[in-house]
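To start, the structure itself, in C-alpha cells.
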Amino acid sequence: MEKGSTLFRKPLAIDEAVSRVREATGEPAIETVLLHEANGRILATDLIATHDVPAFDKSPYDGFAVRAVDLMSASRDEPVTLSVQYVQGAGHVGPPLLDGHAIRIMTGAKIPDGADAVVMLEIVQADEQRVTFKRPVRDKNISYRGEDVATGAHIVNRGTRINPGIIALLATFGYERVEVFIKPWITVFATGDELAEPGERKAEGQIYNSNAYMILAQIEALGGRAVYGGILPDTFPATKHAIEEALHTSDAIVTTGGVSVGDFDYLPDVYEALGASVLFNKVGMRPGSVTTVANVEGRLLFGLSGNPSACFVGTELFVGTYMKTLYGQAERTVVQAELGVDFSKPNPFDRFVRAHVTIDSTGRAVVHPSGKDKSGIVSSLASCNALIHLPGGTRGFQKGDMVRCRIIDQL
Ligand code: AMP
Ligand code: MG
C-alpha cells in the first residue's frame, strides 16, 4: 500500500473536533443490575422518590410518646405522672394513645395515633407502670413523614455514577434492581516495533509500552470497559487485520501511535482501507495535533499520538467526550485558577498543560504545571489533576495570571 495520502492535514479547532465526536457517538444501551452490583455503574434513569421519607411520622429517640398538652403544667416542683400504656419497638404498631397515658417508644417506631410528641428517656423517671415528667414538651421530637424526601422529588440525575450514598437511596426506595448504562467495549491497542511489555525483556532501542496501560486506566476511570488488544507491529497488514477483527467485538477502538506522517505510521492507511469516514485527522492543539478520529459504521476509532502526554490529553478529550456523551453526563468542570509560576512559552495553538490545582488556605485555586511541558514527557502525568487550557494565539503567561483549568481528578 502506498503511503502518504494524508500528508497534508488541515487542523480543526478543538471545539469543532469535540462536537464531531459528540455527534458521531451512538446511543447507549441499558441493562438492569442487582442493587449490590450497581456501585460504580452509571445510572440510566433519573432517581425519583417513590414514597415519602420517612414514610410515616416516627420517633427519632427512645422515649415516651405523649400528647404535649398533657405535660403543659409539668415542672420540677409539680411533676406530671402518666400511666405507661404499652411498649412499642421499631417495626411494630399499637392502638391509639389513651387519655392520661404515655407509650414507651423506641427509635424508629411509628408515632401512635393520638400522640404528638416524644420525650427522651434520659429526662424522665419511669418504671414499668408509670412515667414522671418534670417539664413541658419543648421540642416535639418527631421525624415527620416526608421531611427528608417528599414523594416525587428528583434525587439523582441519569448519568450519575452510582456511589455508596446513591446505593443507600436506591435501597431506601426498595429498588432491588437498577437500570444502568451498558459499558461500551473499548479495545485498546499500542502500536510500534519499539515497544516491549512491562515484565518482558527490553532489547536495545526498545521502550516499555506505557500508553496502553494508561489508556486502559483512563477508560475505566471514565466508566468504560477497556479490553487490551496488545501491541501491533509497524506493518500495514497486521494493523489492518487487528483492527478489523476488533471491530467485531468493540464499540470503539483506541490506538496509540502510528497515526502521524512517519514512514511506519499505518493507521491513516488502515482507516482508508476500512472505508472509515475520518472525522478529523489534525486538531489545532498541543500536544496531540495528529489525533485522528474515524467512524466505521457507528464504531469510533480513536487514533491517538504515541507521545505519552499527547496520548493522555487525547484520551481525556476525545474518548472522554465519547463516554460522557454516551452516558449523558456533564462536561468536566472548568475553573479559573491563578498561575503559580511563569509559563513563558507562546501558544500558536490551543495548549493543554498537565497541571496540578490546589486550593490555598484562603480558598483560592492556584495551578502549577505538573512537570516539563513537552509532548513526549511522561513524568508530568503522575501529579496531574487538571489540564490548563491556554487559548491559541496567545503569548506566554505570567505568574498570577488567571487561566482556565479543566479538572480531571481529585484536587
Ligand atoms: P508515534 O506516534 O508512533 O510516532 O510515536 C511517538 C512517540 O511515542 C515515539 O517516541 C514512540 O516511541 C512513543 N510511543 C509510542 N507508543 C508508545 C507507548 N505505547 N508507550 C510509550 N511510548 C510510546
Ligand atoms: Mg510508532
Side-chain angles (χ1 to χ4, degrees), residues 1 3-9 11 17 186-221 226-243 246 250 252-273 278 280-294 301-319 349 352 354 370-382 384:
M1 156 99 21
K3 282 196 46 61
S5 52
T6 48
L7 270 179
F8 179 74
R9 301 182 182 185
I186 305 179
T187 305
V188 177
F189 290 107
T191 71
D193 291 346
E194 76 278 33
L195 300 179
E197 293 290 19
E200 281 178 8
R201 259 175 58 89
K202 183 158 65 88
E204 193 180 346
Q206 285 201 301
I207 59 168
Y208 283 125
N209 164 24
S210 57
N211 291 355
Y213 298 98
M214 173 182 76
I215 300 169
L216 293 167
Q218 282 179 287
I219 291 172
E220 234 143 67
V227 184
Y228 183 38
I231 297 172
L232 306 179
D234 281 324
T235 70
F236 173 79
T239 309
K240 176 168 176 273
H241 179 73
I243 291 189
S250 320
I253 297 175
V254 180
T255 54
T256 171
V259 77
S260 190
V261 295
D263 292 352
F264 303 102
D265 291 335
Y266 285 108
L267 279 153
D269 301 333
V270 167
Y271 297 142
E272 200 176 314
V278 173
F280 52 86
N281 59 15
K282 196 170 175 83
V283 185
M285 68 177 200
R286 295 286 185 276
S289 64
V290 295
T291 306
T292 298
V293 180
L301 306 176
F302 295 90
L304 308 177
S305 162
N307 281 314
S309 291
C311 178
F312 180 82
V313 170
T315 306
E316 161 59 27
L317 277 189
F318 300 113
V319 183
F349 296 97
F352 288 98
R354 279 90 57 206
S370 53
K372 299 182 186 116
D373 193 65
K374 280 168 93 179
S375 65
I377 295 284
V378 71
S379 56
S380 61
L381 293 172
C384 172

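Position 1 is the first residue of the sequence; numbering continues from there. When a ligand or atom number is given, it counts from 1 through the structure's own listing order.
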Tell me the closest heavy-atom pair linking Leu317 and Phe352, and the distance in Å.
CD1-CE1, 3.6 Å
Cation-pi geometry met for Lys202 and Tyr208 (6.0 Å, 45°):
yes
Which residues satisfy the side chain to side chain contact (heavy atoms under 4.5 Å, CB included) test with Ala238, sequence neighbours excluded?
Pro233, Thr235
Partners meeting side chain to side chain contact (heavy atoms under 4.5 Å, CB included) with Val278 (sequence neighbours left out):
Tyr271, Asn281, Thr292, Ala294
Evaluation steps, side chain to side chain contact (heavy atoms under 4.5 Å, CB included), between Leu381 and Met214:
CA-CA 10 Å; Leu381 293 172; Met214 173 182 76; 3.7 Å; yes
Is there any protein N/O under 3.5 Å from an N/O of ligand 1, and what does the full list of such pairs look like?
from: ligand 1; atom 1: 2 (O); to: Gly306; atom 2: N; distance (Å): 2.9
from: ligand 1; atom 1: 3 (O); to: Gly258; atom 2: N; distance (Å): 2.9
from: ligand 1; atom 1: 8 (O); to: Gly306; atom 2: O; distance (Å): 2.9
from: ligand 1; atom 1: 8 (O); to: Asn307; atom 2: N; distance (Å): 3.3
from: ligand 1; atom 1: 12 (O); to: Glu194; atom 2: OE2; distance (Å): 2.5
from: ligand 1; atom 1: 14 (N); to: Gly306; atom 2: O; distance (Å): 3.1
from: ligand 1; atom 1: 19 (N); to: Asn209; atom 2: OD1; distance (Å): 2.9
from: ligand 1; atom 1: 20 (N); to: Ser210; atom 2: N; distance (Å): 3.1
from: ligand 1; atom 1: 20 (N); to: Asn211; atom 2: N; distance (Å): 3.2

Would you mind listing every ring pair (Phe, Tyr, Trp, His ring centres under 6.0 Å) that reaches into residues 186-207, with sequence neighbours excluded?
none
